[in-house]
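One structure is given below, encoded as structure tokens.
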Amino acid sequence: MLFNSLHFIYFLTVVFLLYWSFAHKYRWKILLAAGYYFYISWSMEFALVLLLLSLISYYSAIRLFSGEGKNSKFWLWLAIIANIGGLFVFKYLGFFNKGWIVPIGISYYSLQLTGYVIDVYRKKAEPETNLVRFTLFSSFFPIVLSGPVERFSNLMPQFFVMHQLTRECLISAVRIITWGFFKKMVIADRLAEFVNPVFAEPSHYSGLTLLVIAFFFVVQVYTDFSGYTDIATGVALLFGMKLSLNWCRPLLSHSLMDFWKRNNISLTSWFRDYLYFGLVGRSRSYVFWLFGIFVVFVVSGLWHGASSLFLIWGALHGLVYTLEFLISKKIRLPRKFFFFGWIYLIAFYTLAIVPFRAGCMADLIVFYKKIFSFNYNWKFTLQELITVHSFFSLLIGCGLIVFLFLKELKEEGVFGPATIRWQVVPLKPFFYVLVFVLIFVLGKFDANGFIYTHF
Amino acid sequence: MKRSAFYIFIVLGLLSGVRELIYAGLRKNKSGEFDKLTTIFIKPNSYNTLFIGSSRAESHFVPSIIDSITGLTSFNAGQAGAGLEQSMAVLKSYLVHSVPPCIVVLNIDIQKAASVHDSVYDFPKYFAYLFFNKKLDEYLEFADSRFRCFKWLPFCSMPYMNDYYLSASLRGWSGKPNEQDKMYIKGFSPEYMKTEVNLEKAYYAAANYELSDSFVKNLRELMLLCRNNHIQLILATTPLYHKAIENAKGMQLMKDLKKIAQDNKLPFIDDLDCECCRDKRYFANPGHLNKEGAFLFSEKFAFQLRQYLP
């Protein structure tokens with residue numbers, strides 16, 4: 001059951017009506033039942049994996065909280081090995097055995113459960129003693145497939161707070177969901193029509209076409225994943241839950257460091273808090289810090305999948321991030337030069353995303369060889385892009401990219417009084433009316449999957 | 001509550017408005033597929049010959065060539081994917097605004113004649129005509145109950161209006177046809193897509209094919225419709241690549257078809273396995289002639305057709 005399917009719309013309507021028509025004490029049970037129904041709609045076996053990892057995390061957290069010293073560490077490592085080891089085994093067995101299926105969403109809920117156990121170990125959270133209540137934490141249906149990776153202290157208390165269905169809440173939810181669907185069905189799925197054929201056979205295209213398509217993929221992956229998160233955030237808000245901010249206009253960043261503060265924030269901060277700080281600890285060694293950053297990026301690359309291409313993607317980001325980190329200690333980019341920083345970020349990110357999407361190493365080499373040949377011809381590229389799909393679709397695709405950037409620039413406060421940077425500012429209602437209509441006019445309704453549910 | 005109702009009203013109004021703009025653009029096309037549909041379903045016509053059937057009718061009968069040989073004024077109303085039931089609905093819809101033709105040539109697809117089910121292929125192309133042709137509307141609602149929603153609710157129909165329809169609508173408004181539109185000549189559209197199918201390994205029909213009961217029932221209904229409108233119905237089969245029907249020699253279905261034609265005194269022009277079927281240069285794929293093949297076949301067909309003219 002995908003968010004962009006009719007089945008999900010029916011499911012959501014039923015759950016919404018049930019949730020608000022029952023008394024407060026039953027509501028979390030409805031969410032729990034809905035979560036497992038949603039997850040079982042993918043696979044019963046997957047649901048058993050989710051339940052098993054939840055049980056291990058639940059039990060370990062209670063034991064380590066009540067235990068002392070070595071005993072605590074044993075339970076901590078048991079939970080980490082179960083969650084991360086489970087993730088590792090599923091992903092790497094999938095690499096060696098093509099018939100192996102990775103449980104959907106395991107990359108997200110295993111991190112969420114690990115984060116919970118570590119928080120309990122670090123005394124940042126108290127363990128949940130009711131097992132049934134705890135299972136809701138990992139099975140909350142808006143986030144179980146693709147995050148955001150929520151923290152226990154943020155999400156769990158919200159399930160048991162008495163929520164009121166307010167007009168503001170409902171309007172905000174509808175706005176966020178509408179914009180999420182727009183990003184996914186109108187922008188991401190349209191760009192996919194250009195991206196997929198070109199990435200399937202890059203040797204058939206010229207260098208400039210490959211560069212343009214790589215940029216299209218940058219926008220596609222952002223709109224696809226952030227669209228998913230927006231829908232998840234809006235759906236959670238329909239039940240009164242506020243998920244943490246996961247995206248803050250990352251394509252307007254002026255450096256890679258800035259980018260990683262704004263991009264997939266919940267996952268990035270998870271790696272920072274639980275992996276980076278775990279690795280670096282209290283070390284004062286500068287070199288060790290840099291090494292830690294590099295390792296985190298490599299691991300985050302491998303988190304996407306057991307492939308050398310993801311390793312290259314992570315390593316590239318790690319390398320440039322550490323370089324930026326070193327430079328930023330000496331030079332700070334003045335605000336008036338942010339535009340050049342943005343150009344650099346887009347150029348780097350476009351080039352660095354190729355391994356993320358390339359089908360194999362040979363394709364990656366073809367991509368880079370052709371792009372760096374600098375044998376560019378705009379007219380020929382335009383012809384090639386038209387043959388990939390159609391001139392009409394290309395025109396709309398480019399228009400939509402401009403529309404997306406204008407909207408984000410407006411939110412960033414570029415066209416008017418500065419807004420709060422780390423906030424998504426809602427626009428006028430008519431904007432959402434327009435967006436809603438555009439979904440029906442320009443959207444792709446063939447229920448394409450979300451990119452990040454594959455990871 | 002009032003505000004929400006206001007915005008819902010605005011959304012519905014805008015969606016309906018945009019939908020109507022798209023539909024109007026489609027109907028404004030002066031060439032191409034939508035011009036053909038507008039001709040069939042809306043315009044008053046006085047063609048004396050009409051070709052009906054599936055994509056094989058659409059891509060095989062070239063009215064301009066047939067007219068030049070026979071002196072007729074014909075139009076090709078073939079619709080991709082149409083079975084007999086849909087072809088009959090096309091004829092009924094055509095008769096709503098047009099003078100009944102003297103001759104209707106029905107191209108029979110042997111696969112469709114053997115099949116029980118008949119679904120509406122590529123159905124969104126008919127959306128723009130639902131309010132303009134009662135017979136079309138009735139048939140589509142009967143064939144696919146979703147058409148009740150498609151007709152009235154933009155939420156239901158708009159998801160099917162993909163880029164193909166949007167760009168066609170824009171071409172209608174701008175009056176600028178594309179290359180594909182220009183290929184249409186009086187309803188004829190050449191098969192322009194070369195499929196990946198290996199012609200030598202093609203398979204289209206088997207010897208054990210039999211006429212389905214629903215086909216026979218629909219054919220009788222069509223005969224009655226034609227009789228009531230003083231239309232001479234002519235049955236026809238058009239070329240298939242010879243390898244594709246290699247296993248279907250002496251097919252019972254063809255014998256039964258010929259018998260029906262004979263019993264009802266209907267002319268039957270059988271070109272399923274004519275000489276051009278042996279030359280792969282004339283085929284776009286096993287079931288469809290290419291443009292060159294269609295021109296050649298139409299010339300031959302025109303001479304055959306001339307025998308049945310008064």
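Proteins get letters first, then strands, A, B, ... in listed order; numbering begins at 1 in each.
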Greater than 12 external heavy atoms within 6.0 Å of Phe123(B)'s CZ: yes
Residues of residues 167-179 of chain B near chain A, each having a heavy atom less than 4.5 Å away: Ser167(B), Leu170(B)
Can you tell me which portion of [X] sits under 4.5 Å from chain A's heavy atoms? Options are side chain, backbone, both or neither.
{"X": "Val11(B)", "result": "both"}
{"X": "Asp163(B)", "result": "both"}
{"X": "Phe155(B)", "result": "both"}
{"X": "Tyr164(B)", "result": "neither"}

Check: Phe147(B) ring centre within less than 6.0 Å of Phe127(B) ring centre: yes
Arg281(B) bridged to Glu292(B) by N-O distance under 4.0 Å: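 No, Arg281(B) and Glu292(B) are not salt-bridged.
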SB check Glu58(B) Lys36(B) (cutoff 4.0 Å): yes
Residue part contacting chain B, namely of Phe440(A), when any heavy atom lies under 4.5 Å: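 For Phe440(A), backbone and side chain are both near chain B.
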Any donor-acceptor pair under 3.5 Å from His288(B) side chain to Ala284(B) backbone: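 It does not hold such a pair.
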Main-chain N/O of Pro190(B) paired with Ser59(B) side-chain donor or acceptor, under 3.5 Å: no
Check: Ser54(B)/Gln79(B) side-chain N/O donor and acceptor closer than 3.5 Å: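 Gln79(B) and Ser54(B) do not have a side-chain donor-acceptor pair below 3.5 Å.
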For Asp189(A), the option from Gln220(A), Lys184(A), Lys444(A) that meets side-chain hydrogen bond (donor to acceptor under 3.5 Å, both in side chains):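 The option that passes is Lys184(A).
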